[in-house]
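Just so it is clear: chains get the letters A, B, ... in the order the sequence lines come, proteins before strands, and each one is counted from 1.
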There are 2 protein chains.
Amino acid sequence: MTVSKTAAADAVKSSRAARKEPAEASAPDTALQLGELSELLGYSLKRAQLRIFEDFLRCVAPLQLTPAQFSVLLLLDRNPGRNQTEIANTLGILRPNFVAMLDGLESRDLCTRVRSTNDRRSHILMLTDKGRAVLARAKKLVATKHEARLNEVLGPANRAALLDMLSKLAREF
Amino acid sequence: MTVSKTAAADAVKSSRAARKEPAEASAPDTALQLGELSELLGYSLKRAQLRIFEDFLRCVAPLQLTPAQFSVLLLLDRNPGRNQTEIANTLGILRPNFVAMLDGLESRDLCTRVRSTNDRRSHILMLTDKGRAVLARAKKLVATKHEARLNEVLGPANRAALLDMLSKLAREF
DNA sequence: TATTGTTATACTCTATAACTATA
DNA sequence: TATAGTTATAGAGTATAACAATA
């Protein structure tokens, strides 16, 4: 320890003396200063991401879909005839971790694995009719509740600009 | 299952037929279509966040600090005399989970817990001299490597705009 | 009775090695 | 031999309940 007990006790008794702000009230329970943290992009990025995912879950709660599950359904709809490795790779999901996820979706009859006739090692993934129906309802909830709220808070132009920058970071950074 | 084996086999044999794009080459291994995924803000947000944290870890690797640990050191520096609950709450860390994190920082002599004389239940957190030194070096690495790279990719004006929007989302959403 | 720090615990995500069946 | 799907497993991160010391 490089901090002496004495210095520690001093700081405990009058922490105001160690701060830069002039001591105003003696109230010891004021809000903390974020300081340089508010300039750290990664910090706000993480906090924003948590909020957005939370809201997504709330908006799509009636369908019991996580953002990850929703992204799988979307991808299967757009890319029929693909196997597990292709879908998982595109979403940044590791193949071993994709197994349980697919088990969950398949057990709810949202998609199916079909052994490929060309290469009997691979499983072609397909949306079921129920999967397509759930996806359609989910898209509607996301558009009318989740993304609509984003537009309210940011405004359409800002929302688009934000999306562009985030996409660029995800791609090029 | 609502998808018959026959329909599945058809899709396997000629998945191009089920797609919207006109079939060009017979190459079965083209890049997948993200589709509506590229318009989902949360998707890009998550991917960008992962990239940014990855880069942060790389830039600060010589100091062996995670983004979360860095944020704790920053907060302790700005807010001396605070206890575990106050620091943890500000960062959105649950108190039970903050214990092991502090154990790690304290075992590396970056900060110390000091029993408060006012309220002997609470531990006042303080940076050690080594903690302050490491924080100073970390700030320099973050500024000159991590945030500098962000400025390169986005440009200073865009970087500022992005930070504003993310902060707003983290606050108001 | 309420709060601080703590332990125990569990659940989700993520990551790696190794197995099987096919190729 | 290489690849697809899988299993097992381990490590983070996150969440809740409950306990001891203190208020």
Rounded to whole angstrom units, what separation is found between the [atom1] atom of [X] and the [atom2] atom of [N]?
X        : N      : atom1 : atom2 : value
A:Arg95  : C:dA18 : CZ    : C1'   : 15 Å
B:Asp103 : C:dG5  : CG    : C1'   : 11 Å
A:Asn97  : D:dA4  : CG    : P     : 17 Å
A:Arg47  : D:dG13 : CZ    : C1'   : 15 Å
A:Gln49  : C:dC13 : CD    : C1'   : 12 Å
B:Gln84  : C:dT6  : CD    : C1'   : 9 Å
A:Phe98  : C:dA15 : CZ    : P     : 16 Å
A:Leu94  : C:dA18 : CG    : P     : 17 Å

Pairs: protein N or O with nucleotides 18-22 of chain D N or O, under 3.5 Å:
unit_1	atom_1	unit_2	atom_2	d
D:dT22	OP1	B:Arg120	NH2	3.4

State, without any angle test, whether A:Arg113 and A:Asn83 hold a side-chain donor-acceptor pair at a distance under 3.5 Å.
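The answer is no; no qualifying pair exists.
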Quick one about B:Ser44 and A:Ser167 (side-chain donor to acceptor, distance below 3.5 Å, no hydrogens or angles considered), yes or no?
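A pair is found: one side chain offers a donor N or O, the other an acceptor, under 3.5 Å apart.
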Which listed nucleotide ([options]) is nearest to the side chain of [X]?
X        : options              : result
A:Asn83  : D:dT6, D:dT16, D:dA4 : D:dA4
A:Val99  : C:dA15, D:dT7, C:dT4 : D:dT7
A:His123 : C:dT6, D:dT6, C:dT4  : D:dT6

Can you tell if the side chain of [X] reaches within under 4.5 Å of the side chain of [Y], non-hydrogen atoms only?
X        : Y        : value
A:Leu169 : B:Leu150 : yes
A:Gln69  : A:Val60  : no
A:Leu162 : B:Leu166 : yes
A:Arg78  : B:Leu34  : no

Specify the residue among A:Leu102 and B:Ala68 whose closest nucleotide of DNA chain D lies further upstream toward the 5′ end.
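With A:Leu102 and B:Ala68 compared, the 5'-side residue is A:Leu102.
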With DNA chain D as reference, determine whether A:Ser122 or A:Leu50 sits nearer its 5' end, using the nearest nucleotide of each.
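Taking each residue's closest nucleotide, the earlier one in sequence belongs to A:Ser122.
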Does A:Arg82 place a side-chain N or O at less than 4.0 Å from the phosphate oxygens OP1/OP2 of D:dA4?
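So the side chain of A:Arg82 is outside the cut-off, no N or O lying under 4.0 Å from OP1 or OP2 of D:dA4.
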Going by side chain to side chain contact (heavy atoms under 4.5 Å, CB included), B:Arg132 matches just one of B:Asp77, B:Leu76, B:Leu110. Which one?
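The residue from B:Asp77, B:Leu76, B:Leu110 that satisfies side chain to side chain contact (heavy atoms under 4.5 Å, CB included) with B:Arg132 turns out to be B:Asp77.
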Would you kindly confirm whether B:Val72 and B:Val99 end up in one hydrophobic cluster when ILVMFWY residues are joined by side chain heavy atoms under 4.5 Å apart?
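Different clusters.
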Heavy atom of residues 51-60 of chain A under 4.0 Å from DNA chain C: which residues?
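Under 4.0 Å from DNA chain C: no residue of residues 51-60 of chain A.
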With a sphere of 6.0 Å drawn around CZ of A:Arg95, does it hold more than 12 non-hydrogen atoms of other residues, nucleotides or ligands?
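Buried by this count: over 12 neighbours within 6.0 Å.
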